[in-house]
Undergrad: 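Quick one: this structure, given as C-alpha cells, is what I'll be asking you about.
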Protein chains: 2
Amino acid sequence: MAKKETITILDIARHTGLSKGTVDRVLHNRGEVSKKSHEKVMRAIEELGYEPNVYASLLARSQDLTVGLLVPAAEPGSFWELVSAGAGKTAGSVETFGLSPRLFTYDQYDIDSFRDACRQLLEARPAGVVIAPLFQEETNRFARELESGGIPYVFIDSKPDTIGHLAYFGMPPYQSGYLCADQLTGGQDIPSALIVRIRRDRDSRSDPTLNRRAGFMDYMEQYCPECPVFHLFIDPNDPAGIDRALDAWFRLHPDVRHIVMLNSRIHLLVPWLERHPDRRRRVVGFDNLRANMDALRRGTVTCLIAQHPEEQMRQAIEALADYILRKKLPENKDNFMHMDILTRFNVDYY
Amino acid sequence: MAKKETITILDIARHTGLSKGTVDRVLHNRGEVSKKSHEKVMRAIEELGYEPNVYASLLARSQDLTVGLLVPAAEPGSFWELVSAGAGKTAGSVETFGLSPRLFTYDQYDIDSFRDACRQLLEARPAGVVIAPLFQEETNRFARELESGGIPYVFIDSKPDTIGHLAYFGMPPYQSGYLCADQLTGGQDIPSALIVRIRRDRDSRSDPTLNRRAGFMDYMEQYCPECPVFHLFIDPNDPAGIDRALDAWFRLHPDVRHIVMLNSRIHLLVPWLERHPDRRRRVVGFDNLRANMDALRRGTVTCLIAQHPEEQMRQAIEALADYILRKKLPENKDNFMHMDILTRFNVDYY
DNA sequence: ATTATTTCCGTTACCGTGCACGGAATTCAA
DNA sequence: TTGAATTCCGTGCACGGTAACGGAAATAAT
C-alpha cells in the first residue's frame, strides 16, 4: 500500500486549476461543466493515474450499491433455493464491501415473468448483476441492455452464447455426466442401467440435461459397452403416476439395479425405492437438495454429485465486487467449478 | 439497511459522558483508559448495538493491518505448499478490506524454528493470526501470549486443546478415516487391506493420523469384519528403501489389492505401483498434492480425499477479518469442513 | 505543601469523496 | 447599457473513525 503516492481528486483539481467540486462533477458526469474543463480534468486523470478511493466514496455516500440477482423463484426444496441461499450467505461478507445483493426472481416456466424481473432489476439501477439464465434469447437481449448501460454481469449455473459477460461460474456439464456414470458403475462392469427423465424436458427443445447425458452415455460406451441403458419418463408433478410408472417398468425389468437421474430430482424416486428396498442397488443423482441429502443419509441414494450452488453465487458476487470496487477483472472468464461427490459418509460435513 | 439508525462512536461517547478518543481507545484496547470508563463504554456498545463502520475506519487508517500466518515451511510439492497457496489466493480479496496477510514459516521438525517464527510474528504486531499447529505445548504457550496481547487467532488443519481461539477450520479426523475406508472398499466386501505408514509417526507420541486410523479401523470392523488389515512402515526419505519394503511385503502377500495411506504421502508409493501394474487394485490416499493428483489422472491412485487447504486458509482469514474489522464472532467456533472425494473424473476441475 | 510522575481523557486535525449552496462569469433580452 | 437568465464553478460541511498532542486529575516523591 502506497504511502503518499495516492492521487486524490484534490490533486487533479490543483493540477487543472479547478476545484474538487468540478472534478467530482466530471467523475460522475452529472453535467454543469464546460467542455474545456471536462477535457482538462479527463486528461489530468489519465496523466496522474487517478484511482478513486472506494472507502471514502462509500463513506461519503453512506449508501450501499445494489447488486441484482436474477434467478428462478425458489420453490421450497428446489435447486434454486440453494442458489438463493448462497446469496444470503454471501451477503454478510459482501455488505462490508458496500454492496447489497438484491434478489429478483422469475417463474422458470413463464418468459413474461422473466421480462418483468429484468425490468424491475433495471429500475433498481444496480451496479452489477448476477444471472442464472434459462431463456437463451431473452437473456441475450437483456445482456445487451446491460452492456449499453455499462452494467457488468456474471452468469452462474449455465451460460448462453453471450460474450460480454464479466465471468461465468458453473459445473462442466459434459464431464458431470461422465463422473456420474463412473460413480454409478463404481468402476465395475454393470449389467444394465436406467436413466429416469422428466417428460417435459424431452419435449422442450432445451433439455437442460442434454450435455450431461452425452457425457454419461460416452462413459458407458467406453467402459461398459455391453451394458444396455434404459430410459423412463416421468411427470414430476404426479407422485402417484411416478409410482405407477416405476411399478410397471420394474415388473418388466426386475434385475436392473443401477438407477440414475441427471437432474436434481432424484428425491422423486425415493418413496418408491424405499418401498422396494434392495441392498445391492446403486442410485446416483445430482445436487445437494435437502430431500436428496436425507435419502443419502438413509442409504436410499448411493451418491450425489453436487456443484455447491451457494459457492457459485458467492464467487459470482465476489467477482462483481472486485470489478465494481477495484476495476479488477477476474482471472478467468469461464470458471468450471469442482464437482463434489457426496456419500453418506461425508454428507454431514457438507 | 437502517436509515439514520446507525450508532457511531460519537453516540456511545455521548451516552457515556466520555469522548470519541476514549471510546476509540477501548475499541482498540490500546490502554490509557480507567477500568470504570472501559466498563461503561463496553456496556454502552452492548446496549446501543454499536457496529464499527469499516469504510470510515479504513479511510482514517489508510494503512493495512497485517495478519500473521504461522505455517510449516512449504517444501515443494508438500501439503503445506497448498496451505501457503491458499494465503496467496485469499490475499487479493482481503486486501480490499485493508488487511495484508504475511507468512511466517517454520521447520516442522525443529521446535526452535517454531519459536523463532513466533517471535518474528509478534514483532510484526499483527492484528490477527492464523496458526497451523504442530507442536502442542509450544503452540499453547504461544496462544496464551497472543491472548495477553489481545490478538485474535484461528487454527487451521488441526487443533490443540486451547480454548481461547477465535475459530478452527479443518477436516473431521475420525470421519475422514471412515470415509476413506468406504472409498477403499467401494462399499463391497474386500478380502484384505494394507495401510502404509510412516515409521517416524509410530514412534512419535503424536501420530497425526491417529484419529483417522481409528475411523478407518472402525469402518472395517463394521462393514468388513472378516477383512484383515495389514500395516507396513516406511521411511519417506528413503525411496529405495520404500521400493525394497514393498517388494518384500508383496512377495509375502501377493493377493492384497487394497492399499491406503492415511496421510498426504500416497505419492511415495507411485513409482513402485506403476512398475507393478494391476488393473484390479484400489489405492486411496489423502490431499490434493500435485504428485497425488497426477497419479490420480494416470489411474495409479483410485481416489483421493481432499480437504481443500486453500479453502481452510481462506475461511480462516475471512473469519479474522470479520472479527478485526467488524467485531463479528464467527457463527461456529469449530468448523469441520467438507471432505472432497477426488477421482480422475473430477480432478481436472478441482 | 510542593514538585514530579503517572494515569486518564478531551481536543483536534486529518483520511478522500459527495453534494448542497451560493456566487461569479457568461450569455441573452430589452 | 442594464437587468435577467443561464452556465459554470468554488466553498464548506458531512461521513465515521484514527491517533497525535497536550493538559487535567490522581498518585507518588521530596
Side-chain angles (χ1 to χ4, degrees), chain A residues 1-41 44-45 48-65 95-96 98 127 324-326, chain B residues 1-42 44-45 48-65 96-99 125 127 324-327:
Chain A
M1 185 132 297
K3 27 191 88 274
K4 206 63 234 128
E5 302 296 303
T6 42
I7 307 292
T8 76
I9 59 170
L10 201 67
D11 288 320
I12 83 163
R14 277 196 284 261
H15 190 267
T16 55
L18 295 163
S19 76
K20 65 197 191 86
T22 307
V23 176
D24 182 66
R25 269 180 286 257
V26 344
L27 277 174
H28 300 77
N29 50 313
R30 49 185 163 92
E32 317 223 329
V33 173
S34 73
K35 205 148 198 159
K36 189 178 304 188
S37 299
H38 187 279
E39 240 172 62
K40 270 203 283 190
V41 170
I45 287 178
L48 305 190
Y50 166 76
E51 295 197 6
N53 180 316
V54 189
Y55 314 134
S57 170
L58 250 21
L59 175 60
R61 189 150 19 78
S62 71
Q63 248 240 10
D64 287 4
L65 300 172
E95 266 164 11
T96 355
I324 296 171
L325 300 178
R326 317 197 293 163
Chain B
M1 184 131 298
K3 27 192 89 268
K4 206 66 235 118
E5 303 295 301
T6 42
I7 308 292
T8 76
I9 60 169
L10 201 68
D11 288 321
I12 84 162
R14 275 197 284 261
H15 190 266
T16 55
L18 295 165
S19 75
K20 289 194 331 164
T22 307
V23 176
D24 183 64
R25 271 181 287 258
V26 344
L27 279 175
H28 300 78
N29 49 315
R30 49 184 162 93
E32 320 224 329
V33 173
S34 73
K35 205 148 198 163
K36 189 179 305 191
S37 300
H38 186 280
E39 239 171 64
K40 270 204 284 193
V41 169
M42 289 308 268
I45 287 178
L48 304 190
Y50 166 76
E51 296 196 5
N53 181 316
V54 189
Y55 317 133
S57 171
L58 249 23
L59 176 60
R61 190 157 9 86
S62 71
Q63 242 234 19
D64 287 7
L65 299 173
T96 346
F97 285 103
L99 298 187
R125 316 215 115 278
I324 296 171
L325 299 178
R326 318 197 291 163
K327 300 266 172 259

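Throughout, a chain's letter reflects where its sequence line sits, starting with A, and its residues are numbered from 1.
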Undergrad: When you measure from the side-chain N and O atoms of Thr22(A) to the phosphate of dG10(D), is any distance below 4.0 Å, counting only OP1 and OP2?
TA: yes

Undergrad: Would you say CZ of Arg125(B) has more than 12 non-hydrogen atoms from neighbouring residues, nucleotides or ligands within 6.0 angstrom?
TA: no

Undergrad: Rounded to the Å, how far apart are Tyr55(B) OH and dG17(D) C1'?
TA: 14 Å

Undergrad: Which whole-number value in Å describes the distance from Asn29(B) CG to dC8(C) C1'?
TA: 16 Å

Undergrad: Does Lys20(B) get its side chain close enough to the base of dT18(D), under 3.5 Å, for a donor-acceptor pair?
TA: yes

Undergrad: Five pairs at each end of the helix from dT5(C)-dA26(D) to dT27(C)-dA4(D): take the axis at both ends and give me the angle between them to 10°.
TA: 60°

Undergrad: Determine whether a donor-acceptor pair (one donor, one acceptor, N or O, separation below 3.5 Å) exists between the side chain of Arg25(B) and the base of dG10(C).
TA: yes

Undergrad: Round to the nearest Å and state the distance from Arg61(A) atom CZ to dC15(C) atom P.
TA: 21 Å

Undergrad: Please examine the side chains of Val54(B) and Leu58(A), heavy atoms only from C-beta on, and report whether any two atoms are closer than 4.5 Å.
TA: no

Undergrad: Let's see if you can work this out: which of dG10(C), dG17(D), dT17(C) has an atom nearest to the side-chain heavy atoms of Asn53(A)?
TA: dT17(C)

Undergrad: Please name the pair of heavy atoms, one in Ala13(A) and one in Ser19(A), separated by the smallest distance, quoted to 0.1 Å.
TA: CB-C, 3.7 Å

Undergrad: Leu10(A) near the nucleic acid: base, sugar-phosphate alone, or nothing, with a heavy-atom cut-off under 4.0 Å?
TA: nothing

Undergrad: To the nearest angstrom, how far is Leu48(A) atom CG from dG16(C) atom C1'?
TA: 16 Å

Undergrad: Considering only side-chain heavy atoms of Ser19(A), which listed nucleotide, dG10(D), dA20(D), dG17(D), is closest?
TA: dG10(D)

Undergrad: Roughly how far apart are His38(B) NE2 and Leu27(B) CG, rounded to 0.5 Å?
TA: 9.0 Å

Undergrad: Taking only side-chain nitrogens and oxygens of Ser37(B), does any of them come within less than 4.0 Å of OP1 or OP2 of dC8(C)?
TA: no

Undergrad: Taking the minimum atom-to-atom distance to the side chain of Ile9(B), which one of dT18(D), dG16(C), dG10(D) wins?
TA: dT18(D)

Undergrad: Figure out the CG/C1' separation between Leu59(B) and dC14(C), and round it to whole Å.
TA: 9 Å

Undergrad: Indicate whether OP1 or OP2 belonging to dC9(D) is found under 4.0 Å from a side-chain N or O atom of Ser34(A).
TA: yes

Undergrad: Between dG18(C), dC9(D), dG16(D), spot the one nearest the side chain of Asp24(A), thanks.
TA: dG18(C)

Undergrad: Is there side-chain contact between Lys20(B) and Val23(B), with at least one heavy-atom pair below 4.5 Å?
TA: no

Undergrad: Quick check on DNA chain C: between Pro52(A) and Lys36(B), whose nearest nucleotide comes earlier from the 5' end?
TA: Lys36(B)

Undergrad: NA contact type, Leu27(B), heavy-atom cut-off 4.0 Å: base, sugar-phosphate, or nothing?
TA: nothing

Undergrad: Which residue, Thr6(A), Ile12(A), Asp11(A), forms the side chain to side chain contact (heavy atoms under 4.5 Å, CB included) with Tyr50(A)?
TA: Ile12(A)

Undergrad: How close do Thr16(B) and Ala44(B) get, counting heavy atoms only, and between which atoms?
TA: CG2-CB, 3.6 Å

Undergrad: Starting at CD of Glu32(A) and ending at C1' of dA25(C), how long is that distance when rounded to a whole Å?
TA: 14 Å

Undergrad: May I ask you to verify if any side-chain N or O of His28(B) is less than 4.0 angstrom from the OP1 or OP2 atom of dA19(D)?
TA: no

Undergrad: Return the value, rounded to whole Å, for the distance between atom CZ of Arg14(B) and atom C1' of dC9(C).
TA: 18 Å

Undergrad: Between atom CD1 in Ile45(B) and atom P in dG17(D), what is the gap in whole Å?
TA: 10 Å

Undergrad: Measure from the side-chain heavy atoms of Ser57(B) and tell me the nearest of dG10(C), dG16(D), dT18(D).
TA: dT18(D)

Undergrad: Does Thr8(B) reach the side chain of Asn53(B), with side-chain heavy atoms less than 4.5 Å apart?
TA: no

